[in-house]
Amino acid sequence: MISDQLLIDYGAKKIALHKGEILFKVQETARNFYQIIEGEIKMNNFNDDGKEFMQGIFKSGKSFGEPPLFSDRPYPANAEAVSDSHLWSLKKEQFFKLLFDNPRIHFELTTTLAKRLHYKAMMASEISSQDPEHRLIQLIDYFKTHVHKIAFDDVYKVELSRQQMADLTGLRVETVIRSIKSLEKKGLLKIKSRKVYR
């Protein structure tokens, strides 16, 4: 989203995370802006029974965890490396200076945050009121059209694992597997070599 050179110009440092390493935890104070150079980061929470709920998955070129920077509130979720990853880390004060000096980037970030807010509202509605099959179709369609920018009529290969789909929708993996098979029978999905297509 923000060019590497611009981040460097404002003092960003490169950091490395190994798969499974935690960058920050729930209730920690937000002090840095993070943008992924390569790899994958997930933001998650765990309930009292230890079940994971994934708030989002972020890949190369994406930033994450910005709302607490603006609101002076602690992080509402953990950030964990899904794979070995490299990130840019920019101090909060320098990040704000970058935004003030570059209104276009500020607008692009605001647009990104608005899209994430829309996704959160959509998923909250799905989780509270819809059946598993409907939740999965909504999730897959969101990733197809909004994340990967694939036209609705084109075929999309779902990159999310069954576990990730479960964590993003509040379902059990077994429920996701059953629902995917049911959706395939209804002609709403296709499965080839264990990969899901929509």
Side-chain angles (χ1 to χ4, degrees), residues 19-27 34 36 39-68 74-83 85 111-198:
K19 179 180 179 179
E21 192 172 348
I22 304 296
L23 178 64
F24 55 74
K25 294 183 178 180
V26 173
Q27 295 303 315
Y34 297 105
I36 304 168
E40 193 172 32
I41 303 291
K42 66 180 176 180
M43 293 192 69
N44 62 10
N45 299 95
F46 295 88
N47 67 16
D48 292 340
D49 297 326
K51 177 172 171 48
E52 180 181 24
F53 180 75
M54 201 180 308
Q55 301 282 352
I57 303 174
F58 304 91
K59 299 187 178 187
S60 301
K62 303 295 184 185
S63 61
F64 59 94
E66 302 95 330
Y75 286 115
N78 310 299
E80 178 183 340
V82 177
S83 60
S85 303
T111 301
T112 297
L113 293 176
K115 289 177 180 175
R116 288 187 199 159
L117 186 60
H118 177 265
Y119 166 76
K120 295 273 189 190
M122 179 194 78
M123 289 310 298
S125 172
E126 291 296 316
I127 289 169
S128 65
S129 63
Q130 300 295 340
D131 64 74
E133 292 180 16
H134 193 274
R135 292 189 211 179
L136 287 170
I137 286 293
Q138 287 291 99
L139 177 72
I140 290 168
D141 285 349
Y142 178 85
F143 271 78
K144 176 179 180 175
T145 59
H146 292 88
V147 176
H148 297 288
K149 310 294 185 190
I150 296 172
F152 192 78
D153 292 335
D154 292 340
V155 176
Y156 165 58
K157 178 183 175 183
V158 179
E159 296 180 4
L160 299 168
S161 69
R162 270 59 164 184
Q163 182 65 60
Q164 288 173 329
M165 285 189 266
D167 294 340
L168 284 164
T169 56
L171 299 169
R172 296 173 54 86
V173 177
E174 297 81 4
T175 306
V176 169
I177 293 169
R178 280 195 308 271
S179 297
I180 286 173
K181 288 178 181 174
S182 174
L183 288 165
E184 183 188 31
K185 288 178 183 175
K186 294 175 181 177
L188 296 172
L189 297 175
K190 289 185 180 178
I191 303 173
K192 295 178 186 175
S193 303
R194 300 197 71 247
K195 297 295 182 184
V196 178
Y197 295 84
R198 165 89 165 143

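Hydrogens, waters and symmetry mates play no part in the numbers below; they use all other heavy atoms, side chains included.
The heavy-atom pair separating F64 from A79 by the smallest distance is CE1-CB, 4.0 Å. Across all non-hydrogen atoms, the minimal contact from F58 to K62 is CB-CB, 4.3 Å. Closest approach of P68 and P76 over heavy atoms only: CG-CD, 3.9 Å. K186 and E133 make their closest contact through NZ-OE1, 2.6 Å (heavy atoms, listed as atom of the first residue, atom of the second, distance). Closest approach of L171 to R135, counting heavy atoms only: CD2-NH1, 3.4 Å. Nearest heavy atom pair, residue Q55 against residue A77, reads CG-CB, 4.0 Å.
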Report the C-alpha distance between T112 and E66 in whole Å, list the side-chain angles of each, state the deciding distance to 0.1 Å, and finish with yes or no for side-chain contact (heavy atoms from CB on, under 4.5 Å). CA-CA 11 Å; T112 297; E66 302 95 330; 5.7 Å; no
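In this structure, the side chains of M165 and I180 come closer than 4.5 Å at one or more pairs of heavy atoms. Proximity of L189 to I140: side-chain heavy atoms (C-beta onward) are separated by under 4.5 Å at one or more points. The side-chain heavy atoms of F143 and V158, taken from C-beta on, include no pair separated by under 4.5 Å. A heavy-atom distance below 4.5 Å is found between the side chains of F152 and D141. Residues I57 and L160 form a side-chain contact, since some pair of their non-hydrogen atoms from C-beta on lies under 4.5 Å apart. In this structure, L168 and Y142 have side chains that are not in contact, with every pair of non-hydrogen atoms separated by 4.5 Å or more. No side-chain heavy atom of K59 sits under 4.5 Å from any side-chain heavy atom of I36. Side-chain atoms of T169 and T175, non-hydrogen and from C-beta on, never get closer than 4.5 Å to each other.
Taken to the nearest 0.5 Å, the CG atom of L183 stands 4.5 Å off from the CD1 atom of I137. A distance of 3.5 Å separates NZ of K42 from CD of E52, quoted to the nearest 0.5 Å. Separating the CZ atom in R198 from the CD1 atom in I150 is a distance of 12.5 Å, to the nearest 0.5 Å. For the atom pair CG of N78 and CE of M54, the computed distance is 12.0 Å after rounding to the nearest 0.5 Å. Interatomic distance, CD of E80 versus NZ of K25, reported as 10.5 Å (0.5 Å rounding). Distance CG/L136 to CZ/R162: 10.5 Å, rounded to 0.5 Å.
In terms of modelled atom types and a separation under 3.5 Å, the side chain of S85 and the main chain of E40 share a donor-acceptor contact.
Within 6.0 Å of the NZ atom in K195, the count of heavy atoms belonging to other residues, nucleotides or ligands does not exceed 12.
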